[in-house]
Every structure is written in structure tokens, then in C-alpha cells.
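Report on one structure; see the data block that follows.
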Amino acid sequence: MSDSNQMMDDQKSQADIQKEHARYIKPLGDWKRSHNCGALSLADDGREVCLMGWVQYRRDHGGLIFVDLRDRDGLTQVVFSPEIAPEAHRDAHVLRSEYVLAIRGRVRPRPEGMRNPNLATGEIEVVVLDWKLLNTAKTPPFPVEDRSDAGENLRLAWRYLDLRRPRMANNLRLRHRIVQAVRSYLNELDFLEVETPILTKSTPEGARDFLVPSRLNQGQFYALPQSPQQFKQMLMMSGVDRYYQVARCFRDEDLRADRQPEFTQVDIEMSFVDEDQVMSMAEGLMARVFHDAMNIDLPLPFPRLTWEEAMRDYGVDKPDTRFDLRLRDVTACVAGSGFKLFASAPLVKALRVPQGGTLSRKEIDDLTEFVKIYGAQGLAWIKIHESEWQSPIAKFLSEGERAALTRELGLEPGDIVFFQAGEPGMVNAALGNLRVRLGQQMNLIPENAWNFLWVTDFPLFEYSEEEQRYVACHHPFTAVQEASRETMTSDRANARARAYDMVLNGNEVGGGSIRIHTPEDQYRMFEALGFSDESARAQFGYFIQALEYGTPPHGGIAFGLDRVAMLLTGSSSIRDVIAFPKTQKATCLLTDAPDTVSARQLRELGLRLRETPAANPGTDSGQEAKTE
RNA sequence: GGAGCGGUAGUUAAGACGGUUAUAACGCCGGCCUGUCACGCCGGAGGCCGAGGGUUCGAGUCCCUUCCGCUCCGCCA
């Protein structure tokens with residue numbers, strides 16, 4: 001036996017210790033919890049209580065032993081004292097992090113000078129009279145506490161431990177409160193909560209579907225819903241009148257910090273309404289959510305911006321209005337410029353940043369790299385000094401152009417101006433995203449600001465380069481505005497939809513529209529999208545038919561619950577407000593889904609794989625350690 | 001499909017231009033400790049440097065491949 005093995009024998013292994021400690025485990029018996037761990041205060045002085053929870057920290061002084069007992073509501077310090085309860089004190093040395101215990105004891109004020117102002121229960125402590133070890137625990141792979149900055153792969157692989165952390169527990173609780181506020185508001189307004197199918201029919205438009213093979217109908221597939229859109233409209237046809245659902249939705253597309261393959265939508269539809277009624281209902285809903293979940297009163301109504309105004313001033317269709325930088329169209333100012341890039345571009349826009357002249361060359365280089373993400377070739381800039389313009393492009397600009405830019409942009413010494421020239425899509429994306437980045441970088445965004453706004457008058461169609469045709473901007477059931485009604489098939493680029501998005505601090509949190517409710521209009525829409533009547537009937541026949549049996553005018557909206565919860569909890573990802581989220585590769589590190597299935601399961605479904613995948617290609621994300 | 005960042009004790013990180021035995025903090029184990037609260041003090045264990053291949057006398061470090069996590073572009077009606 002080597003020296004190192006010799007040493008290891010001297011050191012007790014985790015398994016040995018746990019085994020030894022397991023002898024102390026007792027059944028709950030007739031013990032009943034009297035309070036949670038965040039409940040007690042000086043008002044409970046002298047009370048006999050029974051607490052149950054997890055060991056957060058143990059401070060063993062040899063004599064006195066302090067344990068911070070944690071449950072989802074907070075921490076309470078419990079004291080094992082050899083003088084007051086020698087029996088109880090005797091075995092308390094076995095306690096370790098995350099052990100589960102029940103204590104009976106007496107509440108008492110902490111001695112003068114020993115209060116802990118950082119703890120909600122810091123005025124008191126509970127002297128243990130009797131206790132039971134309910135369970136032991138292995139040492140957790142990362143500390144169960146807010147300040148632990150464990151990697152996300154670990155957190156996801158051990159999600160049940162991650163969720164014990166106060167921050168995550170509070171996220172779950174706030175999400176619950178949001179949903180309760182939604183339900184209570186909509187219930188008061190006489191909405192019916194109706195569930196729609198999870199196993200449904202694949203639709204050709206929109207995102208990629210998740211498919212489920214049918215055993216009873218081999219060769220056929222269900223699709224998981226991308227949203228309950230058609231069902232909620234059919235509920236309007238059913239006379240349900242006012243519907244909502246906290247609906248799980250599925251889209252098989254790539255993930256982002258704010259996008260998961262399955263997510264939750266607060267889905268709402270109303271009959272006999274116009275845009276304004278839906279929007280004011282939605283504003284009231286948000287106000288209720290903020291009031292009930294955050295104790296914040298939102299000013300109503302929310303400001304509105306047309307899509308054109310949003311794109312013009314902010315470059316994006318979800319402007320962050322917490323700070324006031326705006327884009328300006330300066331195409332005319334530089335139309336005849338000696339700077340060919342400007343003179344020949346279909347669109348030139350500028351972003352003036354007051355006091356931005358302090359940006360260093362390095363910072364400007366980083367910003368240049370940043371806009372290249374959006375297809376920009378580079379980033380032109382001018383620093384405005386008292387006596388001169390400092391800029392790589394200054395020499396190209398005539399006196400007249402300088403005067404025009406100064407007037408148009410209101411330039412002042414100390415400013416920096418960024419320019420982008422080219423196709424409108426690229427120009428807006430580059431400068432719009434640059435604007436947001438500068439807002440963050442230069443600390444222009446106030447804390448605790450909740451800037452809601454509506455973006456309205458969206459285009460009905462957008463051109464898809466990939467498909468070489470116009471596709472629905474929102475979805476193919478969106479009604480066209482009266483003004484575009486006649487021209488929607490001839491001038492698709494300029495048709496406007498009766499659609500609206502709710503935006504919060506630069507995030508799209510909801511979107512909806514007034515829907516098409518006559519078969520004639522629905523056929524016109526499919527025609528404009530390039531569907532023949534036959535193919536429209538083949539793919540949406542049941543839906544068009546339903547429109548033929550007395551469909552009321554209707555419209556609705558859907559909120560991204562995960563995004564709302566993310567913003568309200570100040571989280572940087574919706575993963576932090578979803579109990580068991582997927583990784584960027586859409587896997588679950590906790591359960592190891594997706595996974596291969598048995599040959600028998602495939603046979604029953606009438607499926608055969610083209611290639612046999614290697615069973616579970618090796619992972620090293622902490623799974624191996626877990627799989628014992 | 002593409003771009004970028006990361007992967008080193010249980011955890012979080014450090015490791016100049018390739019050079020002895022790979023550091024630190026926390027955690028863990030043992031001992032001491034009656035007012036701590038991220039307790040303190042003393043001692044100790046703990047590593048296939050994500051995986052595979054290559055270059056080299058020598059690789060955590062350089063090269064190639066690959067896996068995993070994250071951010072973003074595309075995509076997401």
C-alpha cells in the first residue's frame with residue numbers, strides 16, 4: 001500500500017461519515033411544524049416553537065453550537081446549549097451543511113449587542129430543547145447560498161440544490177405571484193381559463209415544430225403547439241367570448257438568454273373588441289401584476305409609438321426608452337458628399353452621444369467590432385471639439401455638410417457622433433444595437449425604471465430572402481388596417497397590420513393583434529402570402545371552415561411570462577425564472593434529456609433511425625460524478 | 001450554419017516566452033474553543049490541468065481534432 005493510500009485511510013470518507021451520521025436519523029413521529037424559518041420575531045419571545053429545515057451554517061464553539069436553519073422563507077438561528085439542554089447538545093456535533101432537522105425550542109431575544117441586523121429574524125434565536133435529525137446530506141457540489149457563483153452547468157446538473165438558494169427560491173415565488181395576479185385580474189374581468197391541446201397539428205408557417213410520432217397512426221406526427229393561436233380563435237368562434245390560458249409553448253429553434261424551446265405564454269383572446277380595448281385590458285393586467293407582485297403602481301396608459309417611429313428614432317421595434325439617445329436620418333445632409341460611402345448609400349443615419357467625446361480609441365475600436373456583428377463594414381465617428389472635428393472622415397466633409405450635420409443633430413463640443421450608411425436593415429440594426437450598448441456602457445440607464453410602451457402599426461408582411469416571398473410579419477391570422485385593405489395584395493411592402501407589441505425596457509414582453517374574422521379576408525391573406533386556395537384549404541381548411549359559421553370580430557394578446565418574470569426579478573436570463581430549464585443545446589443536464597430510446601419503443605412507433613447514434617456521447621459537465 | 005468567451009483540487013480562480021514537487025481562497029476531514037452569525041485558531045487530505053491526437057529532450061502552457069457551458073449573428077410567423 002502506497003503512502004498516499006495510507007493517508008487516505010486516516011481521512012474519513014464522505015460515505016463513511018454519512019453512514020455514521022445516518023444512525024442518528026429519526027422519524028418525524030408526531031412532530032408538527034409551528035412556524036417557518038422566516039417567521040419569528042421579538043413578538044414571539046418565550047413561545048415554544050417547532051421549526052424544520054436545512055442546516056445553512058453550523059458554528060460549533062465546542063460549548064455552544066449555533067445553527068442557521070433555512071427553509072424557503074428565511075433563516076433562523078437556533079442554539080444548542082450544554083447548560084440549558086445537555087441532552088440536545090450532546091449529539092449536535094454531527095450536524096453538517098444541508099442536513100435536514102426538526103427542532104423544538106423556545107424563542108428568546110438575543111443578548112444585547114448580539115443581534116444580527118442582516119437577518120430578518122436577527123432579533124431573536126431559538127434555544128433548542130429537543131431535536132431530530134430527519135436526514136443527512138452529502139456535501140453539496142457548490143455552496144447553497146446566494147453569493148456562490150457556481151458555473152451554470154453545475155447549477156443545472158444539480159438544479160434542486162440551486163433552487164434552494166434564496167435568490168432562486170424568491171424567483172420562483174415572484175413568478176408565482178405574477179401568475180396569481182394575472183389570474184385574479186382576468187377572473188375579475190370574467191375571462192374563462194381554458195386548456196388547449198399539447199398534441200396538435202403541425203402548421204407550415206412560423207417556427208420549426210417539435211414533433212411527436214403517433215403509435216396508433218403510424219407514419220403520422222403530432223406537433224407541439226408554438227402557441228395556442230388557432231385554438232383560442234376557435235374558442236371565440238365557440239362563443240367563449242373571453243379566454244385566457246397560462247400556456248406552455250414549444251419552438252424548435254436555437255436558444256438565447258431570453259429564449260427556451262419550451263416557454264410559458266399568458267395567452268388572451270377577446271370577442272367584439274378593437275385594438276384599444278385589448279390594449280387597455282393589457283395595461284390593466286400589467287398594472288395589476290406590478291401592484292400585486294412588486295408593490296409598484298404603474299402610470300397608465302402606456303405611451304404609444306408606431307413601428308415607423310420606433311425604427312426611425314431607435315432603429316429597433318422594441319425601443320428602450322429609459323434613456324434618450326435617438327437616431328437621426330442624415331441622408332440628405334451628406335447626399336452630395338465627397339465621401340462616396342455616404343453619398344451613394346440609400347440611407348445614412350447618425351447617433352449623437354452627448355459627452356461621448358471621452359470615449360477612447362480602444363473603446364471606439366470595440367464599438368466598431370460590435371456593429372460588425374450586424375453586418376456593418378465599419379463605424380464612422382466624429383468627435384466634436386471646440387475648434388475642430390476629430391475624425392477619420394473629417395477631411396471628406398465640406399463646410400456645408402458640417403453646417404447641415406450640426407443643425408440636424410444639434411452638435412455641441414464634447415459630443416461624439418456615430419454614422420452608419422447602407423441598406424436600411426443593416427443601418428438600423430447596427431446603430432439601434434449600438435445605442436443600447438452605449439446606454440449600458442455609459443450608465444445612461446436609470447435604476448428601477450420601468451418604461452412600458454406600445455409599438456403599433458406593424459407591417460403586415462415582410463420579405464423573406466430565404467423563401468423569396470412575402471411572409472406574415474406577425475402571423476397569417478392578423479387583420480389588415482382599413483387603409484391598406486385594398487392594396488394589401490398589390491403593395492405588400494406597405495400594408496399595415498392591426499398588430500401591437502408591448503415593450504418593457506427594450507424587451508418585447510407581449511404582442512397581439514385584431515384577427516381576421518371572415519373567410520373572405522382570410523382567403524385574401526393566404527392569397528397575399530402566395531398560397532393557392534387549394535393549398536390554403538389543405539393546410540388550414542378546418543380553420544377557414546370555422547370562420548364560415550359566424551365568427552365574431554375578435555383579437556387578443558400573449559405575454560411572455562418568462563421574460564416578464566426575468567425583468568421583474570432582475571435576472572439576466574429566463575433560465576433563472578424557469579425551474580428546470582434547458583441548456584443552449586436544448587438539453588437537460590439534470591435528467592440527461594433528450595436521450596436515445598429502446599429499439600422496442602421505436603418499433604412500436606413504426607420508426608427506424610437512418611443512423612444509429614452513439615449511445616450518449618461522453619459528457620464532462622458534472623454528470624459523470626453524479627451518475628453512480 | 002457562423003462568430004466570440006470559458007473549461008486547472010468539491011467550488012471559484014492564479015499559473016510571463018514550454019523547464020524541478022501545479023498555487024490560493026473557500027469547502028471537506030481531524031483537534032481545540034460558551035455568543036458566534038461567511039465564527040476563530042492549529043493540523044491534514046484532496047489534481048489524468050474537459051477528452052483524444054501531435055510537435056518537443058520536456059506541454060496546464062504551442063498545434064490539430066473533439067466534447068461541454070455561456071453570449072451573440074442567422075433562425076425564432
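Both backbone and side-chain heavy atoms feed into the values below; hydrogens, waters and symmetry mates do not. First the proteins, then the strands, lettered A, B, ... as listed; each starts at 1. Every value quoted in this text rests on a predicted model; they were computed, and no experiment measured them.
Every residue two or more places apart in sequence or in another chain that forms a side-chain hydrogen bond (donor to acceptor under 3.5 Å, both in side chains) with A:Arg469 is listed here: A:Glu205, A:Glu467. With sequence neighbours left out, the salt bridge (charged side-chain N to carboxylate O under 4.0 Å, His left out) criterion links A:Arg23 to no other residue. Remark: A:His61 engages A:Phe66 in a ring-ring contact (aromatic ring centres under 6.0 Å, His included) (not counting sequence neighbours). Residues meeting the salt bridge (charged side-chain N to carboxylate O under 4.0 Å, His left out) test with A:Arg96, sequence neighbours left out: none. A:Phe580 meets the ring-ring contact (aromatic ring centres under 6.0 Å, His included) test with no other residue; sequence neighbours excluded.
Under the stacking criterion of a centre-to-centre distance below 5.5 angstrom and an interplanar angle below 30°, A:Phe66 sits stacked against the six-membered ring of B:U36.
Under the 90° criterion around 0 for the glycosidic angle, B:C17 counts as syn. Within 90° of 0 lies the glycosidic angle of B:A16, which makes this nucleotide syn.
Legend: salt bridge (Lys or Arg N to Asp or Glu O under 4.0 Å) pairs involving residues 492-501 of chain A, not counting sequence neighbours, sorted by first then second residue: A:Glu275-A:Arg498, A:Glu308-A:Arg496.
No side-chain N or O of A:Ser573 forms a donor-acceptor pair with one of A:Arg256 less than 3.5 Å apart.
Among the heavy atoms of the strands, none lies under 4.0 Å from A:Glu467. A:Arg110 comes within 4.0 angstrom of a nucleotide base, judged by non-hydrogen atoms across all strands. Residue contacts shown for A:Arg108 include a base, since a base heavy atom lies under 4.0 Å away. Counting any heavy atom pair closer than 4.0 Å across all strands shown, A:Arg575 reaches sugar-phosphate atoms only and no base atom. Backbone-only engagement by A:Lys585 is indicated by non-hydrogen atom pairs under 4.0 Å involving sugar-phosphate atoms exclusively. At the heavy-atom level, A:Phe477 lies nowhere under 4.0 Å from the strands shown. A:Ile17 comes within 4.0 angstrom of the backbone, heavy atoms only, and of no base. Counting any heavy atom pair closer than 4.0 Å across all strands shown, A:Pro476 reaches a base atom.
Across every strand in view, B:A24 sits in a pair with B:U12 that passes the Watson-Crick or G-U test at under 3.5 angstrom. Base pairing analysis places B:C5 opposite B:G69; the two distances defining the Watson-Crick or G-U wobble pair are each below 3.5 Å.
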At a cut-off of 3.5 Å, list every protein nitrogen or oxygen paired with a nitrogen or oxygen from nucleotides 38-41 of chain B, distance to 0.1 Å.
from  : atom 1 : to       : atom 2 : distance (Å)
B:A38 : O4'    : A:Arg147 : NH2    : 2.8
B:A38 : N3     : A:Arg147 : NE     : 3.4
B:A38 : N3     : A:Arg147 : NH2    : 3.2
B:C39 : OP2    : A:Arg59  : NH1    : 3.0
B:C39 : N4     : A:Asp60  : O      : 2.8

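With RNA chain B read from its 5' end, the first of the two nearest nucleotides for A:Glu253 and A:Asp258 is the one closest to A:Asp258.
Between A:Asp162 and A:Arg155 there is a salt bridge, since a side-chain N of the basic residue sits under 4.0 Å from a carboxylate O of the acidic one.
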Name the atoms and distances for all side-chain donor-acceptor pairs under 3.5 Å in residues 113-120 of chain A, with sequence neighbours left out.
from     : atom 1 : to       : atom 2 : distance (Å)
A:Asn116 : OD1    : A:Asn118 : N      : 2.9

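Between the side chain of A:Arg259 and the base of B:C76 there is at least one donor-acceptor pair of N/O atoms closer than 3.5 Å.
The stretch residues 80-95 of chain A comes close to RNA chain B through A:Pro82, A:Glu83, each having a heavy atom under 4.0 Å from the strand.
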